[in-house]
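Notes to accompany the following structure.
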Amino acid sequence: MKVWIPHRAGHALLGELPSGITVELLEDPTRLPSSPAGMRFWVPPFLSGRDAGALLAELPDLAVVQLLTAGADAWAGQVPDGVTLCDARGVHDSGTAEWVVGAILSALRGFGPLARAQARREWAYDEVAPTDELAGKRVLIVGAGSIGSALQARLAPFEVTFTLVARTPRPAEGVHGVDELPALLPEADVVVLLVPLTERTRGLVDEKFLAAMPDGALLVNAARGPVARTSALVAELASGRLRAALDVTDPEPLPAEHPLWELPNVLLTPHIGGSVRGLLPRAYRLVGEQLRRFAAGAPLANRVVDGY
């Protein structure tokens, strides 16, 4: 069985594999390492999308596409019938949760204005003090999956209270449904978006969503840019009523002339939430486990069905 992976270091991280598996390096989807015949298991490059997906039509024996991302929105609907699509759920829990904690603290404690003052060599105490604080905040996590759980564990020591929201309510676990957001948003100081991008979540954060958030609240998007309607986001943030920390935008990358760059109440990072040094060991540990399952005819983990 032939397997294609995108990182040279990945082979050593897969662990012991059953006999009969040949692992080849495919860093560039336009330069195949060998004939596509017999290639059964493909791991596309991290953060790849429709460009890499164009290769699917050239892989007649493909059985599994194993993504290195937690989100599968760029691949859902592209994979041919009979090919199993799996995401990397669990791999990015710690990295993304850490980014969210850091983004919340940076926004609330005024690190953005202070970094700009540092560049000007100004001691800007009077510009930001007293700052806001995380202690006592009401945090609404929209997306109660594995990353949401990791975030909750990391935020718990900060003396915050939590409300969790998922696609389907889980009353026994205290998880609300998305339909309850209109009633939950006015009670949240910090709203964190961790949902996958699907047709149901595209544009979830619209004018009504933002209007329901209380004055001074912080919106944190660590999901996908199109989960928030950009025009609504710019209008609300330009008014100064809300704050935002965004690791993802729509469009992405954000053009240099985009108004989001200029807003002082916005913290922007270039989709780095999951891009941490521990990514490859965790990712290829999952790939190795999936290969062993596939070779044994066992069910694969993290199968993507209907975009989830």
Side-chain angles (χ1 to χ4, degrees), residues 44-53 65 67-79 85-104 107 140-151 164-167 178 181 185 190-210 213 218-234 236-237 242 244-255 258 260-261 266-276 279 283 302 304-308:
F46 181 57
L47 292 180
S48 59
R50 299 194 180 279
D51 291 344
V65 174
L67 304 179
L68 299 181
T69 55
D73 49 279
W75 292 84
Q78 284 204 85
V79 176
L85 177 64
C86 300
D87 63 27
R89 187 168 60 253
V91 167
H92 300 280
D93 291 0
S94 60
T96 303
E98 284 181 2
W99 179 89
V100 173
V101 173
I104 293 173
L140 175 62
I141 300 176
V142 185
S146 62
I147 296 176
S149 297
L151 174 61
L164 303 178
V165 171
R167 175 180 48 155
V178 172
L181 278 173
L185 287 167
V190 179
V191 178
V192 182
L193 305 175
L194 294 171
V195 294
L197 177 61
T198 67
E199 288 310 307
R200 288 191 62 187
T201 62
R202 185 179 296 273
L204 173 69
V205 180
D206 57 10
E207 291 84 356
K208 290 183 179 180
F209 185 108
L210 295 167
M213 293 174 61
L218 172 67
L219 178 74
V220 182
N221 192 354
R224 288 291 186 268
V227 169
R229 189 173 296 169
T230 303
S231 58
L233 194 58
V234 170
E236 192 68 69
L237 292 170
L242 300 177
L246 310 173
D247 190 41
V248 290
T249 58
D250 182 26
E252 188 176 302
L254 197 65
H258 201 280
L260 281 173
W261 289 115
V266 176
L267 170 68
L268 278 170
T269 60
H271 205 151
I272 61 165
S275 297
V276 294
L279 168 62
N302 296 0
V304 177
V305 179
D306 295 330
Y308 294 92

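Because the structure is a prediction, the values reported are computed rather than measured.
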Item to complete: Under the side-chain hydrogen bond (donor to acceptor under 3.5 Å, both in side chains) rule, collect the residues that match up with Arg229, sequence neighbours excluded.
Response: Glu207
Discussion item. Using 0.5 Å steps for rounding, measure from the CZ atom of Phe209 to the CG atom of Leu204.
Written reply: 5.5 Å
Item to complete: To the nearest 0.5 Å, tell me how far Thr96 OG1 sits from Ile272 CD1.
Response: 10.5 Å
Fill in: Interatomic distance, Leu233 atom CG to Leu260 atom CG [nearest 0.5 angstrom]
6.0 Å
Practice prompt. Would you sort out whether Leu181 and Leu140 count as a side-chain contact (heavy atoms from CB on, under 4.5 Å), showing the intermediate values?
Written response: CA-CA 10 Å; Leu181 278 173; Leu140 175 62; 4.0 Å; yes
Practice prompt. Please answer whether the main-chain N or O of Pro196 pairs with a side-chain N or O of Thr201 as donor and acceptor at a distance below 3.5 Å.
Written response: yes
Discussion item. Testing the basics here: between Glu252 and Val248, what is the closest heavy-atom pair and its distance to 0.1 Å?
Written reply: OE1-CA, 3.3 Å
Response to the item:
In short, Val276 meets Gly95 closest at the heavy-atom pair CG1-CA, 4.2 Å
Worksheet entry | Derivation of the side-chain contact (heavy atoms from CB on, under 4.5 Å) call for Trp99 and Val220 | CA-CA 10 Å; Trp99 179 89; Val220 182; 3.6 Å; yes
Item to complete: For Thr249 and Pro251, indicate whether the former's side chain and the latter's backbone hold a donor-acceptor pair under 3.5 Å.
Response: yes
Discussion item. side-chain contact (heavy atoms from CB on, under 4.5 Å) for Trp75 and Val304? Distances and angles first, verdict last.
Written reply: CA-CA 10 Å; Trp75 292 84; Val304 177; over 6 Å; no
Worksheet entry | Pairwise distance OG(Ser94) to CD1(Ile147) - rounded to 0.5 angstrom | 9.5 Å
Fill in: Partner of Leu193 by side-chain contact (heavy atoms from CB on, under 4.5 Å), out of Asn221, Val100, Asp247
Asn221
Discussion item. Less than 4.5 Å apart, side chain to side chain, heavy atoms only: is that true for Val195 and Val178?
Written reply: no
Worksheet item: Which one of Val205, Leu237, Val192, Leu242 satisfies the side-chain contact (heavy atoms from CB on, under 4.5 Å) criterion with Leu219?
Response: Val205
Worksheet item: Restricting to pairs with a member in residues 88-102, which pass salt bridge (Lys or Arg N to Asp or Glu O under 4.0 Å), not counting sequence neighbours?
Response: Asp87-Arg89
Discussion item. Run Leu68 and Val91 through side-chain contact (heavy atoms from CB on, under 4.5 Å) and show every step you take.
Written reply: CA-CA 8 Å; Leu68 299 181; Val91 167; over 6 Å; no
Practice prompt. Might you point out which heavy atoms bring Ala245 and Ala103 nearest each other, and give the distance in Å?
Written response: CB-CB, 3.9 Å
Worksheet entry | Minimum side-chain heavy-atom gap Ile104-Leu218 below 4.5 Å | yes
Worksheet entry | Taking every non-hydrogen atom, the tightest pair across Trp261 and Pro255 | NE1-O, 2.7 Å
Worksheet item: From Leu194 CG over to His92 NE2, what is the distance, rounded to the nearest 0.5 angstrom?
Response: 13.0 Å
